[in-house]
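Below is one structure, written out as structure tokens, with a few remarks after it.
Every chain is numbered from 1, with letters handed out A, B, ... down the list of sequences.
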There are 2 protein chains.
Amino acid sequence: MKECKLNLYDCPVTYTLSVLGGKWKWLIIYILSGEGTLRYGELRRNLSGITHKMLSQQLKELEADQLINRKEYHQIPPKVEYSLTQKGQTLIPILDLMCYWGETNWSKVNPDN
Amino acid sequence: MKECKLNLYDCPVTYTLSVLGGKWKWLIIYILSGEGTLRYGELRRNLSGITHKMLSQQLKELEADQLINRKEYHQIPPKVEYSLTQKGQTLIPILDLMCYWGETNWSKVNPDN
DNA sequence: CGGGATCCCTCAAGATACTG
DNA sequence: CAGTATCTTGAGGGATCCCG
């Protein structure tokens, strides 16, 4: 878990934000929640714009926080699959609300959509 | 709203994350949701660790996205009060879930608390 | 007291290349 | 294909000062 500069350190919200702080983490969880299990490359294609390094790093941190599973098939070429852990799945309700909030407030700004 | 590098740009979750992307925004909303109305200095004291520049900046962006109200009293010394807009208040359920999630998962890691 | 502007520097993140 | 290491850059953010 990242260092937290707040004196709000002993605040549950701060804790949650520190775990999910990485720029891409919510999105990675979100995509996995929709797709179930994805290989590294698939995940990467779903997050166009993310760099190789970034993705590896975020995945490693998410795994360390036990939010995602990493299943490695020892073969050539390598194959690694990622999926949500039970703990990771408990974040889905939050993402659902974020999704709902986004739908509600976004459409007002962009009538096109 | 910030530039978004994702092709997930047309995704509600991405939209939400882009609006609340700043490091302190969730926290600012959270504090205002608990306190109602706060002056600049009070807000700052509640977010120990945040710098002057950061706070101003985040507040300005939140105001631009219509998540907070800024009420300025034209007097010397100046007095400015911040509070949530209606739109800002619609984020509270998300923060409640984050709070709940933090409580649930944090205590497991830190038995002391 | 609230907030803007300026200077300056660190560190996050990109690019690239290499390995199993 | 998945992951790591190294080097590099630039912009995010800190410190400081000034102004209404």
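Between B:Leu20 and B:Leu91, the closest side-chain pair of non-hydrogen atoms falls below 4.5 Å. The shortest distance between side-chain heavy atoms of B:Met98 and B:Ile94 falls below 4.5 Å. Contact annotation: the side chain of A:Asn46 approaches that of A:Leu38 to within less than 4.5 Å [non-hydrogen atoms, C-beta and beyond].
In this structure, A:Pro77 reaches the sugar-phosphate backbone alone: every heavy-atom distance under 4.0 Å involves primed, P, OP1 or OP2 atoms, never a base. Within the 4.0 angstrom heavy-atom criterion, only backbone atoms of the sugar-phosphate kind lie near B:Arg70; the bases stay farther away. Heavy atoms of B:Tyr73 sit nowhere under 4.0 angstrom from any nucleic acid atom. A:Ser56 comes within 4.0 angstrom of a base, heavy atoms only.
By the neighbour-count criterion of 12 heavy atoms within 6.0 Å, atom CD of A:Gln66 is sparsely surrounded, having that number or fewer from other residues, nucleotides or ligands. The neighbour count for A:Glu72 CD, taken as heavy atoms of other residues, nucleotides or ligands under 6.0 Å away, is above 12. Within a 6.0 Å radius of CD in A:Gln75, more than 12 heavy atoms belonging to other residues, nucleotides or ligands are found.
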- Task: Go along nucleotides 5-11 of chain D 5' to 3' and tag each nucleotide: B for a protein heavy atom under 4.0 Å from its base, S when only backbone or sugar atoms are that close, - otherwise.
- Result: -B-----
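The nucleotide whose nearest atom lies closest to any side-chain atom of B:Tyr82 is, among D:dG3, C:dG3, D:dG13, C:dG3.
The C1' atoms of five pairs define one axis at each end of the helix from C:dC1-D:dG20 to C:dG20-D:dC1, and these two axes lie 40° apart (to 10°).
The nearest whole Å value for the distance from the CZ atom in B:Arg44 to the P atom in C:dG3 is 11 Å. Straight-line distance from the CG atom of A:Leu47 to the P atom of D:dA2: 14 Å, rounded to whole Å. Atom-to-atom, OH of B:Tyr40 to C1' of C:dC1 comes out at 10 Å; the value is rounded to the nearest Å. As a whole-Å value, the separation of B:Gln57 CD from C:dG4 C1' is 12 Å. Rounded to a whole Å, the NZ atom of A:Lys79 is 18 Å from the C1' atom of D:dG3. Rounding to whole angstrom units, CG of residue B:Leu59 and P of C:dC1 are separated by 17 Å. The nearest whole Å value for the distance from the NZ atom in B:Lys71 to the P atom in C:dG2 is 15 Å. Remark: P of C:dA15 and CG of A:Leu55 are 15 Å apart, rounded to the nearest angstrom.
Contact annotation: A:Thr51 reaches the phosphate of C:dG14 (side-chain N/O to OP1 or OP2, under 4.0 Å). For C:dG2, the OP1/OP2 oxygens have a side-chain nitrogen or oxygen of B:Arg39 closer than 4.0 Å.
Side-chain polar atoms of A:Glu103 and B:Tyr15 form no donor-acceptor pair below 3.5 angstrom.
With sequence neighbours excluded, the residues satisfying ring-ring contact (aromatic ring centres under 6.0 Å, His included) with A:Tyr40 are A:His52.
In this structure, OH on A:Tyr82 lies 8.0 Å from CG on A:Leu43, to the nearest 0.5 angstrom.
Counting only distance, with no hydrogens or angles, the side chain of B:Thr37 and the backbone of B:Ser83 share no donor-acceptor pair below 3.5 Å.
Mapping B:Gln58 and A:Glu72 onto DNA chain D via the closest heavy atom, the residue that lands nearer the 5' end is A:Glu72.
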